[in-house]
A.B. asks: 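Sharing a structure, written as structure tokens. Questions coming.
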Amino acid sequence: MTLDDLRVFVAVCRAGSLSAVARDLACTQSAVSQHVKRLERETGVSLLERQPRGVVPTQAGRVLEAAAAEGIAGLDLALRRLRELVDGESGSVRVATGATTVRHFMSDAVVAFRQQHPRVSLEFRTESSSRGCFDALADSELDLAWITLGAPVRGIEQRPVVDLPWVLAVRADDPLASRPSVDAAELQDVRLIRLPPNSTSAAHLDEACAELGVRFTFDTSVADWDTALLLAELGLGRAVVPDLPGLPVAGDRGDLRLVPLPALRPLSVGWAVRRWDALSPLARAFADMVTEKCRRTPGLQ
């Protein structure tokens with residue numbers, strides 16, 4: 001078997017389709033199939049099960065896919081490290097982020113990193129969810145992903161950086177705007193703007209409410225935290241969101257007010273990588289710089 005055989009097999013397992021992988025690789029479906037057949041001859045077992053709408057790995061195929069994906073990821077990291085040893089300070093750092101991550105968590109670190117490493121390329125890939133960030137780490141040569149921490153993911157290491165307290169975002173003329181804090185139970189009959197339904201942050205909020213015996217109701221859904229804040233500022237609803245770093249201080253928010261919800265368990269955010277000990281020195285330096293600047297932000301832990 002060859003490394004190309006394993007790469008193609010992993011791609012087929014994830015796509016669930018021989019033809020889709022053939023299109024991505026600009027080759028024939030027969031060529032993709034030959035890679036799989038060579039692996040099956042080598043291992044002596046069937047690796048894919050053909051179904052009406054594609055293929056799925058057999059039990060043996062799942063075993064090989066997991067091992068191959070982990071091995072390929074480690075090899076890709078090693079090859080990048082070798083290139084960076086040759087290139088010196090002219091390497092790159094590739095980061096997967098959410099739509100609002102750079103603005104709220106990384107802006108100061110990006111400026112400082114650029115000043116210290118002017119020849120290094122910083123590349124950001126936007127993903128819509130932590131799950132998307134995990135997939136991007138596994139499928140490409142990305143170094144780091146900024147995520148909302150959640151359940152363990154095989155082959156991914158998660159490292160918390162800061163905890164974000166929850167706040168109620170309302171317009172300045174809202175009856176709750178002048179309150180020093182709000183109890184989560186008071187919002188049980190209030191219709192709220194919903195965070196992305198399939199996001200880790202929304203799942204965390206649901207769990208934090210369940211711990212208090214509270215259930216929120218929603219009438220609007222948004223794709224990211226900044227949109228929820230904008231709608232609240234426009235008076236189009238109330239939103240329960242994390243108190244993000246980089247937001248203007250109280251009094252400078254125009255028509256927006258953020259009222260603390262101290263009873264809700266904070267939301268943890270931080271880094272995800274395939275292996276911390278395999279990070280390049282440049283990627284580690286960037287991660288450390290973001291971590292340090294976040295932890296220096298007033299109100300964050």
Side-chain angles (χ1 to χ4, degrees), residues 1-86 91-97 123-147 150-158 198 200 271-280 283:
M1 69 180 70
T2 67
L3 184 58
D4 282 343
D5 293 336
L6 294 170
R7 287 186 186 277
V8 170
F9 175 67
V10 170
V12 169
C13 289
R14 289 178 175 162
S17 168
L18 296 170
S19 59
V21 174
R23 287 194 298 271
D24 290 342
L25 297 179
C27 67
T28 65
Q29 183 171 326
S30 176
V32 172
S33 182
Q34 286 303 314
H35 285 287
V36 178
K37 289 179 180 178
R38 190 156 41 235
L39 291 174
E40 290 181 329
R41 287 196 301 268
E42 184 75 17
T43 59
V45 294
S46 176
L47 298 174
L48 291 178
E49 178 183 340
R50 284 154 178 81
Q51 297 186 338
R53 294 189 176 182
V55 295
V56 295
T58 62
Q59 182 177 358
R62 289 193 294 272
V63 172
L64 181 61
E65 179 199 4
E70 188 171 344
I72 289 169
L75 180 59
D76 287 341
L77 284 172
L79 292 174
R80 282 200 60 202
R81 291 285 299 273
L82 292 175
R83 288 197 296 269
E84 288 170 356
L85 288 174
V86 174
S92 63
V93 177
R94 300 180 176 94
V95 185
T97 72
E123 302 174 19
F124 295 96
R125 172 171 165 177
T126 301
E127 297 291 340
S128 60
S129 65
S130 295
R131 180 69 261 178
C133 287
F134 294 144
D135 291 341
L137 278 175
D139 292 343
S140 67
E141 294 186 352
L142 290 170
D143 299 292
L144 301 153
W146 185 265
I147 61 161
V153 176
R154 190 180 188 280
I156 300 292
E157 297 181 30
Q158 301 182 51
N198 296 324
T200 307
W271 290 116
V273 301
R274 285 170 292 197
R275 286 177 51 197
W276 281 102
D277 59 3
L279 277 180
S280 70

A.B. asks: Among pairs that include at least one residue of residues 32-48, which meet salt bridge (Lys or Arg N to Asp or Glu O under 4.0 Å), considering only residues two or more places apart or in two chains?
C.D. replies: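 Passing the test, one end in residues 32-48: Asp5-Arg38.
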A.B. asks: Indicate yes or no: does Glu127 engage Arg125 in a salt bridge with an N to O separation below 4.0 Å.
C.D. replies: yes
A.B. asks: Mind checking the OG-CD spacing from Ser130 to Gln158? Nearest 0.5 Å is all I need.
C.D. replies: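 Ser130 atom OG to Gln158 atom CD measures 8.0 Å (nearest 0.5 Å).
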A.B. asks: If we only count heavy atoms from C-beta on, is the Leu144 to Leu279 side-chain gap below 4.5 Å?
C.D. replies: yes
A.B. asks: Measure the shortest side-chain to side-chain distance between Val95 and Trp271 over non-hydrogen atoms and say whether it is less than 4.5 angstrom.
C.D. replies: yes
A.B. asks: Would you say that Asp135 contacts Arg131 through its side chain, given a criterion of any heavy-atom pair below 4.5 Å between the two side chains?
C.D. replies: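 In short, these two side chains touch, coming nearer than 4.5 Å.
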A.B. asks: For a 4.5 angstrom cut-off between non-hydrogen side-chain atoms, does Ile156 reach Leu137?
C.D. replies: yes
A.B. asks: Does atom CD of Gln51 have more than 12 heavy-atom neighbours, drawn from other residues, nucleotides or ligands, at distances under 6.0 Å?
C.D. replies: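 Yes, CD of Gln51 has more than 12 neighbouring heavy atoms, counting only those of other groups under 6.0 Å.
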A.B. asks: For a quick test of reading the model, state the closest non-hydrogen atom pair linking Ala96 to Leu142 and the distance between them.
C.D. replies: CB-CD1, 3.8 Å
A.B. asks: Minimum heavy-atom separation for Ala283 and Asp143, please, with both atom names.
C.D. replies: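 Shortest heavy-atom separation between Ala283 and Asp143 comes out as CB-CB, 3.9 Å.
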A.B. asks: Are the side chains of Ile147 and Thr200 in touch, meaning some heavy atoms are under 4.5 Å apart?
C.D. replies: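 Contact flag for Ile147/Thr200 side chains = no.
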A.B. asks: Less than 4.5 Å apart, side chain to side chain, heavy atoms only: is that true for Leu48 and Cys13?
C.D. replies: yes
A.B. asks: Would Ser17 and Ser19 count as having a side-chain donor-acceptor pair, cut-off 3.5 Å?
C.D. replies: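 Yes, a side-chain donor-acceptor pair sits under 3.5 Å.
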A.B. asks: Is it the case that the side chain of Ser33 and the backbone of Gln29 share a donor-acceptor pair, with hydrogens and angles ignored and the cut-off at 3.5 Å?
C.D. replies: no
A.B. asks: Identify the heavy atoms of Ala68 and Val10 that sit nearest to each other, and give their distance.
C.D. replies: CB-CG2, 3.7 Å
A.B. asks: I need the minimum non-hydrogen distance between Val45 and Ala60, along with the two atoms involved.
C.D. replies: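 Of all heavy-atom pairs spanning Val45 and Ala60, the closest is CG2-CB, 3.8 Å.
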A.B. asks: Within the 4.5 Å heavy-atom criterion, are Leu75 and Leu3 side-chain neighbours or not?
C.D. replies: yes
A.B. asks: To the nearest 0.5 Å, what is the distance between CZ on Arg274 and CZ on Phe134?
C.D. replies: 13.5 Å
A.B. asks: How about Leu47 and Glu65: do any of their side-chain heavy atoms sit closer than 4.5 Å?
C.D. replies: no
